[in-house]
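Note that the structure is predicted; figures quoted are calculated from it, not measured. Index from 1, following the sequence.
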Amino acid sequence: MAEGIAFSIAGKAAEYLINPIKCRLEYLFCYNRNIQNLREEVENLKNKRSNTQLLVDAAKKNAEVVGSDVLQWLEKVDNIKKDAGEILENTEKPQMGCFYKLLNVKSRYSMSRAAKKASHEVVKLQQESGFNRVGYPAPPLQMPYPQHQDSSGLGSRMSTRKEVMEALKDTEISTIGVCGMPGVGKTLMVQEIAAKVKVENLFDEVVMAVVSQDQDLIKLQDQIADALGLTIPEKSNTIVRAERLYKRLMHDEGKILLVLDDVWQELDLHTVGIPLQGERRGFKVLLTSRFTGVCSNMGAQKIFEVKVLPKQEAWFLFKEAAGIPDDDTGVKCIAQEVAEECRGLPLAIVVVGKALRNKEEHAWNDALQQLRNSSVTNIRGMHDLVYSRIEWSYNYLESEEAKSLLLVCSLFPEDYNVPIETLVRYGKGLQLLNDTETLSATRDRVNTITDDLKSCYLMLPGKEECVKLHDVVRDVCLSIASKDEHVYKVRHSGLKEWPHNIKYKPCAAISFTFDELSQIPGDLECPKLKFLSLICQSCKLSLPKNFFEGIKELEVLVFEKMSVELSSSLQLLTSLRTLCLDHCTLTTNLSIIGSLRRLEILSFYGSQLLEFPIEIAQLRELKSLDLRFEKGPYPLPPGVLAGLLKLEELYLGAYFQAWWDEEGDEESAKGYVREISSLKFLSTFQICTHDSQLLLHILQGLQLEKLKRFYIVRTRKRSVGQYQFRRSLHLLDIDEKLLSEPVINALFRSTDDLFLSPRGSNNLISELDEDGCANVKKLTLWSCGYKYLIDSTEFVPRSAFSNLELLILDDLRNLTEICHGNVPNESFGRLQELKLEGLRSMRYLWRAPIKPPCFGNLRTLEMSYCGSIKSLFSRAIVKFLVQLQKLDVYECEVLETVLSKEQGDKDDNRNVEFLKLEYLKLECLKSFRTFDSQIIENSSPSSTCERVPLSNTYGGELQSLFNQVMLPSMEVLDIAHLNGPLHVVSGKMQVGSLDKLRVMIVRVCENLQSIATSYSVKLLNKLELLEVYNCRALEVVFDFERLQVIGDDDVVRILPRLESLELRSLPSLKCIWIRLPRRIQAFQTLKSLTVQDCNNIWRLFSPEMAEMLVSLETLLVEKCNKMAQIIGFIPIISSSLEISSYDFNMEMIDQEYRYARNSKVVLPRLSRIELRDLEHFYTFCNLDCDLVFPSLSKLWIERCPEMRILCCRPLSAPMLRKIDLEKGQSVPFKNFDSWLQGELCDFQGACTSQQGYFSPGEDAEVPLNPPYFPDDFWPGENPLDNMPHVIPTNK
């Protein structure tokens, strides 16, 4: 036992002692084997690394992410290869030869030992190379969405994009819709928004998926899953797929924005796997669709409409697409016409622009002609990219009725407001609408269809009760119609004779408008023609006898604005259902109308008839008869109306009034009343008469409860009446007793348009029906004696005027206030427009407190000739006017302020907000002082606004029109004849107060001294147009004093969007801007500058100012008597002028001179200069600097008698060939200075010769004389004595 233990211990000891020795001996004696082994193992490792690298490369090509273990292994392999390489390299060095190896045992030992260890590492790495996977699916990379290179010229897009961004930031909104017509740029907008939210880190993930028309659920789920990096193994089970997607979206802790583009129909988000509204915070859905109803049905809390571009923005985009430079003088004019034909549709603009890029002028002319003729065939991309998208929307329409009605709208001229009533008459005649037996049902169907077409942007809203087609949509409709076998032929411009180059045989519809027409073909062969409309501006036409023989299938016939004699062949139109003879002079042969037995609609609106066709009584199918003649025969033959048993609509116009005035008698009147009463199906009735008793008799005979539409007017003025109406009752100059008649009271309950002018009474509401005219939407009161509209001290129905949308009060001299006492809560809750005129006794709009929803929807307030009101709103009431968009006040003599602080109002010094006010006009308000009376209360108690010296007014609150008011949505400001304010903007207005102001017009403000001062100039960052007229005290437009730049490298841009500046009739104006600090840039976008009738300004710009005008294109200076130069450091004067020391600062003069000397002023875009009637104008520039105008091509100089030289140094204007003078004369540009010197040197013969100018040659030298100043001009030594003499003048 002990012996065994002893042997075991001995064995272990031997192992620990002998093995190390053995290893070291092996390093020494197995040197070659270890080196060779390392070489072989490294080679094997290289092979494995190469194979692995192939897998890595394949993974990268497949956009996969390589595993971190693989990358680490490759790094280790590269390191061990490097180490092994060094070992092997050392074994091959010369000093390792045999003799040396035998002598250097230590070196041999170390090398072998290193090779042995390296071999072990290499083998280990070989064993680790068996990777299960090399690459893994990469998380989706957010591709940068295409963006417009320069969006600065697309202000409307930037505004809409900003509103969508604000909605995305709103935590209460989770679903947002973006809608618009095809090609308007919805997809591009949401792509730009997606990119922007990523940059601003509003969302952690942004996922965009295209839904499209087919709405493939699996495809949609795959798009979303791929973008999220989610693998869905199930390929067909949409329910399980939706659950996986839903789990991924719900369990993610980050914020996710899902953009669903091109949604055609309502999408059930739950079936896709998308969380519903409010299920998960931080998850939002942004939809785009060409159907507003889709967004509404999918729960969009905010829907934004992307509209077509306004004209200026459309031109900006077109220039970019077509590659037209700003200084182009070639195709620019025709290019603008082509751009206008695209009507602001971005897709059409880009496609047409790119197609015409670098094309010759003939290609532009051809494209313009194609666009105007709605027959685009050779403009690349128009059909495939533009027309096809609109045609998809057309094909997607569910009903053939909608398609047909849309095609009918294309028969009208471009940009035409198509009345709904016209569509009803044409639709009924063409039998486009199924199951609509009555005209009332037809009208309802037409309104429903047009609403649907507007919701999908194939149709646009027009004027009241009208619709329009975008020109591109119209062109597509005509293109669609031309593909079918039933062709539409439409021409509405330039026709002076009947077009003969048209194949008429396949035509289903013809719509022509002639400028003049002398004859019409008698052999028109159109067997398929259903619709014919001929409009001729005041031409006289006699139809051939056989005109209608080849168009017997006609269903709608329209003659308009012509003197026409009908043909006897009219009786062949046995299918004719609608005949409109509007605004025509109808001479003879009208009796033939009686043969049209299927006729349902007959209109003589606005026409003159020489005889009345009594045969109308034979039209047993007639449903609508429009007798609103401009002039016609009287009386209406007895029995005509009684025979029209199916008549549903009767329009009498002023027919009875004229007849009653000429030869009317009571017995005949009773007979007509009986005939009208016999029309049992009558649902539409129109009449205009001045006889109240006759009106009452007729109304008492009608079944008023059956009237769905009426236009009943009692007035002394004869009128054919409005073409379209709903339920209108106009009672002018009536006795108030008429209002109490039961039949009138019954009309009150159903009318939506009420116009009253009764004599007497103090309170309107007491005279109306017991419901307080709850259904009235438009109320007009004119020349009434009312003291109040509502007197709430008496009984007032709660629903009084609860549906009123438009209220017009005109010449109500006794009206003291709209509502006496508290306004009923439900009253005026839907009022959108309020127009007040001639209310001379009214002192308050609303004296008593109001509560929501009262006036909460008011959008427009227009007030004029209200001579007793001192302020419009109290600060307490204005907070309820949350929808006010337009405010227009004119000729209110004592009005002092818009906002006032009433007694009992709490002290509130916070800024008042008009969040949606877009348009503000204040005109002829001679007592007006400031927008907010609180400024007056906090300022001096003086009741007069005396003129304060300019130097004392900056920063003053009382002198400013605006102060402590927020107008963040205002786009247009128009003020005129305001004598109170000294400045438009100054004081304590917050940043963003005028964030959208684009247009400012200031006229005849006597005491105004500047537009904006100091920091308030920064509020005008969106201003594009500024016009200032007839402001006698205005000395400087902008004063930049006290503006500062914080930071060493910052540059502040002031007025960064101002493009047009017009200054006219400003007798005190001394300069456009002053005191512009360094590192502040202004007017860099100014394109047009007009200075006219400003007789106190000596120069326009210093050289430093001029250098900022890099965008200036047009400069007009006219009738400025003291103007001596455009660019200069000091005005040049003659002995006939006076000058005050105020005008100059010697330090400033010296500074400007040193800045200008040997410098260069470049105005790269200036193309047009006009200098006219400048009595003391000497030179364009009196500085020792170079002027470079590379785009200047037009220069007019007229009636500048003291001009002596164009510029001190030669003007560089390579495109300028001549200088135009008065009376059509001109001088070659290169000879102009010589011509001027010729004037000085008494070259009278040359100046008065037929050539019109003197041209001594290119080498003629122009003498330069020292400038002249009066002896007492400088108080001491003339500071210019040591400066170069650069201005020629005569002493």
(request) Please lay out, stage by stage, how Phe304 and Val306 fare under the test side chain to side chain contact (heavy atoms under 4.5 Å, CB included). (result) CA-CA 7 Å; Phe304 299 93; Val306 183; 5.9 Å; no
(message) Does any part of the side chain of Leu45, heavy atoms only, come nearer than 4.5 Å to the side chain of Glu41, both counted from C-beta?
(response) no
(request) For atom NZ of Lys81, decide whether the heavy atoms of other residues, nucleotides or ligands shown that lie under 6.0 angstrom number more than 12. (result) yes
(request) For the pair Asp57 and Gln53, evaluate side-chain hydrogen bond (donor to acceptor under 3.5 Å, both in side chains) and give the outcome as yes or no after the intermediate values. (result) CA-CA 6 Å; Asp57 293 342; Gln53 186 63 49; 2.9 Å; yes
(message) For the backbone of Cys179 and the side chain of Ser289, can you confirm whether one donor and one acceptor N or O come within less than 3.5 Å of each other?
(response) no
(message) Just so I know, are the side chains of Tyr457 and Thr292 near enough to count as touching, which here means a heavy-atom distance under 4.5 Å?
(response) yes
(request) Return yes when atom NZ of Lys169 has more than 12 non-hydrogen atoms of other residues, nucleotides or ligands closer than 6.0 Å, and no otherwise. (result) yes
(message) I'd like to know whether Arg248 forms a salt bridge (charged side-chain N to carboxylate O under 4.0 Å, His left out) with Glu205, so could you lay out the CA-CA distance, the side-chain angles of the two residues, the decisive distance to 0.1 Å, and finally the verdict.
(response) CA-CA 12 Å; Arg248 166 69 169 82; Glu205 294 181 277; 3.1 Å; yes
(request) Decide yes or no for Leu249 and Leu228: does some side-chain heavy atom of the first lie under 4.5 Å from some side-chain heavy atom of the second? (result) yes
(message) In the structure I gave you, are the side-chain heavy atoms of Lys1022 and Met158 within less than 4.5 Å of one another anywhere?
(response) no
(message) Donor-acceptor pair, distance only, cut-off 3.5 Å: does the side chain of Gln301 make one with the backbone of Glu172?
(response) yes
(message) Tell me whether the rings of Phe291 and Tyr396 are parallel (<30°), tilted (30 to 60°) or perpendicular (>60°).
(response) tilted
(request) Considering only NZ, NE, NH1 and NH2 on the basic side and carboxylate oxygens on the acidic side, decide whether Lys196 and Glu192 come within less than 4.0 Å. (result) no
(message) Within the 4.5 Å heavy-atom criterion, are Val211 and Trp264 side-chain neighbours or not?
(response) no
(request) Apply salt bridge (charged side-chain N to carboxylate O under 4.0 Å, His left out) to Asp222 and Arg241, showing your working. (result) CA-CA 9 Å; Asp222 284 339; Arg241 291 168 59 87; 2.5 Å; yes
(message) When you measure from the side chain of Thr1085 to the backbone of Pro1056, do you find a donor-acceptor pair of N or O atoms at a distance under 3.5 Å?
(response) yes
